[in-house]
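As structure tokens, the structure follows; a few thoughts come after it.
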Amino acid sequence: MSETPTTAFRTEFTDVSDRYFDRLADCAESVRPGVEYYGRDEAAFCGELERARRLESDCDDLLDTIRTTVGQSMGPNFTRVYFQPGGVLELFACADETANHVETFFGELAAMEPTLSAATTADFARMGDLVVEAVGALAAAIGDLFAGPAHRTVDAVHDARATVADLESRCDTVRQKLVSEAFATDDTAAALVVRELALWLDRAMDAVEDAAEQAVYLDSTAVATSETAGPD
């Protein structure tokens with residue numbers, strides 16, 4: 001039995017979506033080794049900096065592929081993507097800000113060359129870990145959102161949004177602790193640098209949360225004329 005247009009498109013879209021979120025997670029994962037190498041192993045730090053830049057560029061390329069797939073080459077089918085193309089592209093645009101902010105964090109760290117305490121390094125690494133967890137939860141939600149009706153889990157997208165919101169709150173707590181300690185122990189100029197760096201990782205997490213909110217919006221506004229009414 002040959003593939004239907006719906007099945008063929010879902011396979012194509014899922015492949016590029018999975019590759020996108022793999023690269024996004026890899027980009028976020030570069031934060032921990034990057035900050036741990038910073039000030040200790042210049043060559044290794046520069047390697048992580050270049051890795052983050054390359055992965056951010058990979059995300060941009062895959063985002064372009066997604067935009068082409070959704071906006072230009074998509075034929076009629078019964079997927080959510082076909083009936084909600086603008087909202088789908090907005091979701092990926094939100095997610096892509098995560099990679100942009102991680103790359104900026106590295107660029108600012110390299111440019112400003114602050115002296116980081118062990119505690120500050122550990123807090124930056126922890127913020128990066130939380131972003132990685134959030135990207136993983138978002139990727140799972142996206143996989144469920146765009147799966148065929150028979151393969152979806154009830155409330156999976158809403159549960160993922162709740163998970164991301166919890167991780168974002170924990171990231172805020174780490175950021176607030178980090179910044180508070182910087183102003184308590186460093187001179188003002190050094191503390192302001194730490195705060196600026198922390199804000200870039202905070203923005204990376206916020207971007208994941210924005211994408212998760214968009215996923216919930218798509219899930220909540222899916223129309224009956226989409227896959228719910230068509231063949232799997």
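This is a predicted model, so every value here is computed, not measured. Side chains are part of it too, since the values below use all heavy atoms of this structure and drop only hydrogens, waters and symmetry mates.
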Between [X] and [Y] (side chain of the first, backbone of the second, donor and acceptor by atom type, cut-off under 3.5 Å), is there such a pair?
X	Y	result
Thr69	Thr65	yes
Ser220	Val216	yes
Thr120	Leu116	no
Ser180	Lys177	no
Thr121	Ser117	yes
Glu36	Ala125	no
Arg40	Tyr38	yes

**Q.** Aromatic ring pairing Tyr20/Phe92, orientation class (parallel under 30°, perpendicular over 60°, tilted between)
**A.**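 Perpendicular: the ring planes of Tyr20 and Phe92 meet at over 60°.
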
**Q.** Mutual orientation of the aromatic rings belonging to Phe106 and Phe45 [parallel < 30°, tilted 30-60°, perpendicular > 60°]
**A.**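 Because their plane-to-plane angle lies in the 30° to 60° range, the rings of Phe106 and Phe45 count as tilted.
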
Over all atoms of both residues, closest heavy-atom pair of [X] and [Y]:
X	Y	answer
Ala134	Met205	CB-SD, 3.6 Å
Ala99	Cys59	CB-SG, 4.2 Å
Ser17	Ile142	OG-CG2, 3.7 Å

**Q.** Spatial distance of atom OG (Ser30) from atom CD (Glu56) [nearest 0.5 Å]
**A.**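 The CD atom of Glu56 is 11.0 Å from OG of Ser30, to the nearest 0.5 Å.
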
Q.
Does Glu42, at its CD atom, have more than 12 non-hydrogen atoms belonging to other residues, nucleotides or ligands within less than 6.0 Å?
A.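 No - once you tally the heavy atoms of other residues, nucleotides and ligands closer than 6.0 Å, there are 12 at most.
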
